2 protein chains.
Amino acid sequence: MPRPKEFIPDEALEKAMQVFWHKGYEATSMEDLLEAMDLNRGSLYDTFGDKRQLFLKVIDRYCHGFVGEKFSLLDQPGPALPTLRLFIRGMIEGGLADPQRRGCLIANSVMELSPHEKEIAGTLRQVLKLIEDTFFRVLTRAKQQGELNNGKDPRALARFLATMMQGTIVMIKAGASADAVNQTAETALTILD
Amino acid sequence: MPRPKEFIPDEALEKAMQVFWHKGYEATSMEDLLEAMDLNRGSLYDTFGDKRQLFLKVIDRYCHGFVGEKFSLLDQPGPALPTLRLFIRGMIEGGLADPQRRGCLIANSVMELSPHEKEIAGTLRQVLKLIEDTFFRVLTRAKQQGELNNGKDPRALARFLATMMQGTIVMIKAGASADAVNQTAETALTILD
DNA sequence: CACATATTGGAACGATCAGTCAGTAACAAG
DNA sequence: CTTGTTACTGACTGATCGTTCCAATATGTG
């Protein structure tokens with residue numbers, strides 16, 4: 001009996017994500033979102049709540065969709081360490097290829113909001129934990145398969161890789177050259193040897 | 001003959017820096033700045049120009065004062081590598097000790113503004129280059145003094161350390177535990193062995 | 001003491017902010 | 001067709017944004 005929506009919520013959420021990713025939370029106005037999502041105020045507020053709630057939904061989508069999809073590659077059986085290396089190089093290549101240098105929505109949001117928005121900060125911390133844990137699993141598997149030196153600590157390495165990724169994102173956003181970023185990544189990866 | 005200013009510009013700039021550091025550029029209002037700097041609109045605009053110009057002055061101050069001061073320790077004669085290790089550990093300890101977890105004004109600004117504000121982005125890139133070059137000098141010195149393995153590349157390591165620092169700042173802002181951050185730092189430092 | 005000058009305090013500007021709401025439109029069930 | 005339920009529309013709110021402007025004020029010099 002209700003009148004059907006004239007938009008697909010998930011598609012609208014995708015558009016909202018692009019805007020937040022590109023401009024950041026504060027710098028994104030509801031006007032921006034309405035235009036990008038191609039719907040009107042009432043529909044937006046009815047469907048997604050206010051700006052913060054919408055943003056939380058966007059973060060959730062980014063986490064489960066974008067991040068989850070990419071990182072699930074690491075949990076597939078087969079050689080662990082080479083896959084991990086390829087994954088990290090691919091991640092960096094992707095970041096460098098973006099002409100807008102938007103970096104990573106998670107890192108952007110941590111830097112902009114974590115100190116002030118406790119609820120959002122909690123969500124973001126969970127995502128980072130998820131990333132660390134994925135690295136941990138693949139490193140543990142690498143160790144079991146004899147690909148990783150037995151003296152190495154998978155937890156420490158997982159944290160190291162996660163931190164390194166975030167640092168690389170900062171450098172990419174700062175405008176570092178592809179050469180410098182790649183050299184840094186290769187330097188970091190030597191720690192797995 | 002003119003009436004003297006009732007405030008010390010440099011002190012006011014210091015206050016402005018604290019606000020920008022804590023809240024970020026967009027989220028800081030002129031109202032916030034007026035209150036913190038304890039002066040009135042006319043004086044602020046006459047002395048520092050508009051918000052962006054004030055921010056550039058703040059960045060400049062942060063770079064020459066805060067960053068310059070700390071990093072100059074690395075250029076002093078004596079043992080290079082141990083000094084570098086102490087420096088990095090001290091940097092991280094300082095970041096963790098800040099109850100507000102403000103991170104680093106440079107990194108914060110890169111993440112918030114670099115993609116959109118070309119002028120500010122240029123200034124920030126210069127500061128990061130300055131940091132990388134300081135690491136490069138100390139590593140080169142370490143190599144000359146036989147403290148660093150001859151096979152190591154000072155430029156690559158300098159970039160690595162700079163990137164690692166930025167990543168650590170992200171993690172600190174994200175609310176990572178001191179243990180995790182310290183473990184990560186120690187893992188990263190093994191690359192100097 | 002008075003002049004010249006820069007600072008000061010605050011009113012006011014238009015623009016934009018996030019969010020609200022009453023009125024209209026569209027669908028499905030009875 | 002009527003009715004109930006939801007979605008869309010767009011004008012509107014009060015607050016806040018960065019910025020401008022000016023009269024009042026306070027100072028050091030002649």
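The structure presented is a predicted model; accordingly, all values stated were derived computationally and were not measured. Every chain is numbered from 1, with letters handed out A, B, ... down the list of sequences.
Proximity of a side-chain donor or acceptor of Q53(B) to a complementary backbone N or O of D50(B) within less than 3.5 Å is detected. Using a distance-only test at 3.5 Å, with no hydrogens or angles considered, a donor-acceptor pair links the side chain of H116(B) to the main chain of H22(A). Using a distance-only test at 3.5 Å, with no hydrogens or angles considered, no donor-acceptor pair links the side chain of R159(A) to the main chain of E132(A).
The stretch residues 161-177 of chain B participates, sequence neighbours left out, in these side chain to side chain donor-acceptor pair (under 3.5 Å) pairs: N108(B)-K173(B). Applying the salt bridge (Lys or Arg N to Asp or Glu O under 4.0 Å) test to residues at least two apart or on different chains, the pairs with a partner in residues 68-80 of chain B are D75(B)-R137(B).
The existence of a salt bridge linking R41(B) and E31(B) is confirmed by a sub-4.0 Å separation between a basic side-chain nitrogen and an acidic carboxylate oxygen. Between R141(B) and E147(B) there is no salt bridge, since no side-chain N of the basic residue sits under 4.0 Å from a carboxylate O of the acidic one. Under the 4.0 Å criterion applied to side-chain N and carboxylate O atoms, K23(A) and D32(A) are assigned as salt-bridge partners.
Going from atom CG of L34(A) over to atom P of dT20(C) covers 14 Å, rounded to whole Å. Residue L33(B) contributes atom CG, which lies 16 Å from atom P of dT16(D) at whole-angstrom precision. The CZ-P distance, from F7(A) to dA7(D), rounds to 8 Å in whole Å.
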Fill in the blank from the handout: Per-residue pairing states of DNA chain C in dot-bracket (Watson-Crick or G-U under 3.5 Å; . unpaired, | other strand) read ||||||||||||||||||||||||||||||

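When side chains are defined from C-beta on, K152(B) does not count as touching K143(B), because their heavy atoms never get closer than 4.5 Å. Residues M37(B) and E11(B) form no side-chain contact, since every pair of their non-hydrogen atoms from C-beta on lies 4.5 Å or further apart.
For the residue pair D46(A) / S43(A), no side-chain donor-acceptor distance below 3.5 Å is found, with atom types taken as modelled.
Near DNA chain C, defined here as any heavy-atom distance below 4.0 Å, the residues from residues 37-55 of chain B are N40(B), R41(B), G42(B), S43(B), D46(B), listed numerically. Less than 4.0 Å separates DNA chain C from at least one heavy atom of each of the following residues of residues 8-31 of chain A: T28(A), S29(A), M30(A). A heavy-atom distance below 4.0 Å to DNA chain C is reached by none of the residues of residues 113-124 of chain A.
A ring-ring contact (aromatic ring centres under 6.0 Å, His included) with F55(A) holds for exactly one of Y25(A), Y62(A), W21(A), F48(A); it is Y25(A).
For the atom pair CG (L192(B)) and CG (L139(B)), the distance works out to 6.5 Å, reported to the nearest 0.5 Å.
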